[in-house]
Amino acid sequence: MLVLVFLSVFVLVYYINFRRSRKRLYELANRIPGPFDYPLIGSVLVALGRGPLEVVNYLMERMHHLPSPMRAWFGPFLMVVIDRPEMVQEVLNSPACSQKPYMYDFFRLSKGLFAAPLDTWRVHRKLLNPSFSPSVLKSFVPILNTRAAQFVRDLNGRAVAGECFDIHDLLARYTLLSIMKTSIGVELGEQDESVLHKYTSNAIAMFTNCFERIYKVWLHPEFIYKLTPTYREETERMAKFKAMSSKIIEKRRALRSESHQSHQTISDDSEEYPKARKFIDRLEEMAADPQLRIDDDCFQQHIDTLIFGGNDTSAQTMANTFLTMGMFPELQEKLYQEVMNVCPSGPITYEDLTRLTYMEMFVKETLRHLPITGTIARAPAQEVQVCDITIPAGTMILIPFLKMHHNKSVWGEDAETFNPDQFLPERCAERHPYAFIPFSAGPRNCIGMKFAWNSIKILLCHVIRNYRVHTDIRLQDIKLSLSLVMKLNTKHLIRLERRTEVLV
């Protein structure tokens, strides 16, 4: 009995001191409305008994009735949800809000650009930015055309059979091979197919589990998480995930060894692009600089971040776009007419890409309805004033793209309608520039965003010139599930019809 009394007094005193030490945080938090607060557990009750799909559905049903900004608690951790574009702009461009919350470490990529500490990220990002300069991106166009043309040929059997199939896996292979050949400078052969085939589905499952851990706050302590079956599954999947980058590094070292023996450079830059130094070139230069202290693990995490970040986001965007093309055949024909006007045959040029304006509008509308990333988060290093609220240090700022992209005050009463005209130049000019940021914005935006757009447009051009896309899936039937890359409640099932009016 005395022990219980002592423990109770100890816990009470600790809690009182804990509250006193965070007096300013509670004071500022109370000025922000928050409908989901419960004693001790805060807003965690929203996630109890709900999987990723149910959590999204629960919040989506209530999103138009939630306050903005909004306060929520993850146990003792304060979260402020911000979706007003002017506030989002201030947060994403504030030097005080450049750091990402500790939960990003759950993805085990804390040394790459995805979740590196701020000081490390600043240096590495500055050195790697030229990897996606216009000259480098232009040098990639022939490779992307070659891959896209092969993709079209691979689809021919599917079109002839007229079968319904899931196009996501084929697109994941296309994007992965494209990234390998362009930014990494490595060609994957048939002997690598087993690793290639397992990579995407394994990575998606692993990062989905990591994402679930974020809103299951009771799993945040590492010593508790390590006791769970999910941790053991993560360990097994991480080994498979690392197998891809290990193979890439092994191949790259073999190329360097061969080039050293023959006294030749391994760079395949043509005379037309002599300064097109790709990602792997710059990363290897950084690793050779002792002041940067890039060890083998850091080097591999940069590769892992590039591969997954570039592969699954682009593959998912294109797979979702194939679905929306099949859902809206009249809009698909507008896409076809634009492609035939801009680049009716042969390779797509770098200059063609900027002329595909309706295609960009269509893909953006797809991203608005089916975003690749549902939310991003920042951790202010100090107290910051954001428009009309003061956000205390120690807070996690959550920016929900899902809500932003369906906000009726921004997109109108027909916000739930699929309409690429939402991105007509005159409408974009009337809207706040941060109302639509599918690849994030500010200094910590996606480094490969322009590469992704080029890859997507080139692939779509080649496919649209040769096939009509059909699907039985309706947009209103699709539900989204929380993950690092948002998942659908359905496969990307389409049918292809070969166009007879044009050759490859």
Side-chain angles (χ1 to χ4, degrees), residues 99-100 104-133 136 140 175-189 192 195-196 198-200 202-203 206-207 210 234-235 237-261 265-269 276-314 443-444 446-449 451-452 484:
Q99 184 63 52
K100 295 185 177 181
Y104 277 66
D105 292 341
F106 295 169
F107 299 101
R108 316 299 182 186
L109 294 171
S110 57
K111 294 183 180 180
L113 292 181
F114 174 72
L118 189 55
D119 290 342
T120 301
W121 171 83
R122 282 197 181 107
V123 175
H124 290 196
R125 176 66 185 253
K126 182 178 180 180
L127 292 171
L128 289 171
N129 269 337
S131 304
F132 297 97
S133 67
V136 175
F140 291 163
T175 55
L176 191 55
L177 291 174
S178 297
I179 292 168
M180 292 299 101
K181 183 61 177 175
T182 54
S183 292
I184 307 296
V186 168
E187 188 84 54
L188 292 180
D192 306 311
V195 176
L196 189 69
K198 295 175 183 176
Y199 174 79
T200 299
N202 174 73
M206 180 179 71
F207 286 126
C210 293
E234 177 194 303
T235 303
R237 291 192 179 279
M238 181 60 74
K240 296 177 183 177
F241 178 74
K242 291 287 185 182
M244 173 60 75
S245 52
S246 296
K247 181 166 285 291
I248 298 310
I249 294 170
E250 177 186 324
K251 280 182 169 289
R252 182 69 181 180
R253 286 174 178 167
L255 286 173
R256 289 180 65 86
S257 177
E258 292 173 8
S259 64
H260 179 73
Q261 292 174 10
T265 177
I266 61 173
S267 176
D268 57 0
D269 299 333
R277 303 284 289 162
K278 51 185 172 284
F279 183 91
I280 192 65
D281 298 324
R282 297 186 182 275
L283 184 58
E284 288 171 344
E285 290 171 0
M286 291 164 59
D289 186 344
Q291 293 184 344
L292 295 177
R293 299 180 181 178
I294 296 180
D295 58 17
D296 290 344
D297 186 35
C298 179
F299 187 93
Q300 186 169 15
Q301 284 198 34
H302 274 301
I303 299 292
D304 289 330
T305 302
L306 177 73
I307 294 174
F308 182 78
N311 171 52
D312 200 50
T313 53
S314 295
R444 294 202 79 157
C446 174
I447 190 173
M449 177 172 54
F451 172 82
L484 186 58

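Values below: every heavy atom of this structure, side chains too, minus hydrogens, waters and symmetry copies. Numbers for residues simply follow the sequence, beginning at 1.
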Taking only residues two or more places apart in sequence, or in another chain, which ones meet [X] in a salt bridge (charged side-chain N to carboxylate O under 4.0 Å, His left out)?
| X | result |
| --- | --- |
| Glu250 | none |
| Asp119 | Arg122 |
| Lys242 | Asp304 |

Hey, is the main chain of Ile179 close enough, under 3.5 Å, to the side chain of Ser183 for a donor-acceptor pair?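 Between the backbone of Ile179 and the side chain of Ser183 there is no qualifying donor-acceptor contact (under 3.5 Å).
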What residues, two or more places apart in sequence or in another chain, satisfy side chain to side chain contact (heavy atoms under 4.5 Å, CB included) together with [X]?
| X | value |
| --- | --- |
| Ala115 | Tyr104 |
| Asp105 | Ser110 |
| Ala287 | Ile294, Phe299 |
| Pro443 | Asn93, Trp121 |

Got a sec, which residues hit side chain to side chain donor-acceptor pair (under 3.5 Å) with [X], two or more places apart in sequence or on another chain?
| X | answer |
| --- | --- |
| Ser178 | none |
| Arg253 | none |
| Asp297 | Lys111, Gln301 |
| Arg444 | none |

As a test of understanding, state which of Phe114, Phe241, Phe308 forms a ring-ring contact (aromatic ring centres under 6.0 Å, His included) with Phe107.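 Of all the options given, the one that passes is Phe114.
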List the residues meeting ring pair (Phe, Tyr, Trp, His ring centres under 6.0 Å) with Phe451, not counting sequence neighbours, and say none if there are none.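 By the ring pair (Phe, Tyr, Trp, His ring centres under 6.0 Å) rule, Phe451 matches Phe140.
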side-chain contact (heavy atoms from CB on, under 4.5 Å) between His302 and Leu113, worked out: CA-CA 7 Å; His302 274 301; Leu113 292 181; 4.0 Å; yes
When rounded to the nearest 0.5 angstrom, what distance separates SG in Cys210 from CE in Met238?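 Going from SG on Cys210 over to CE on Met238, the span is 6.0 Å.
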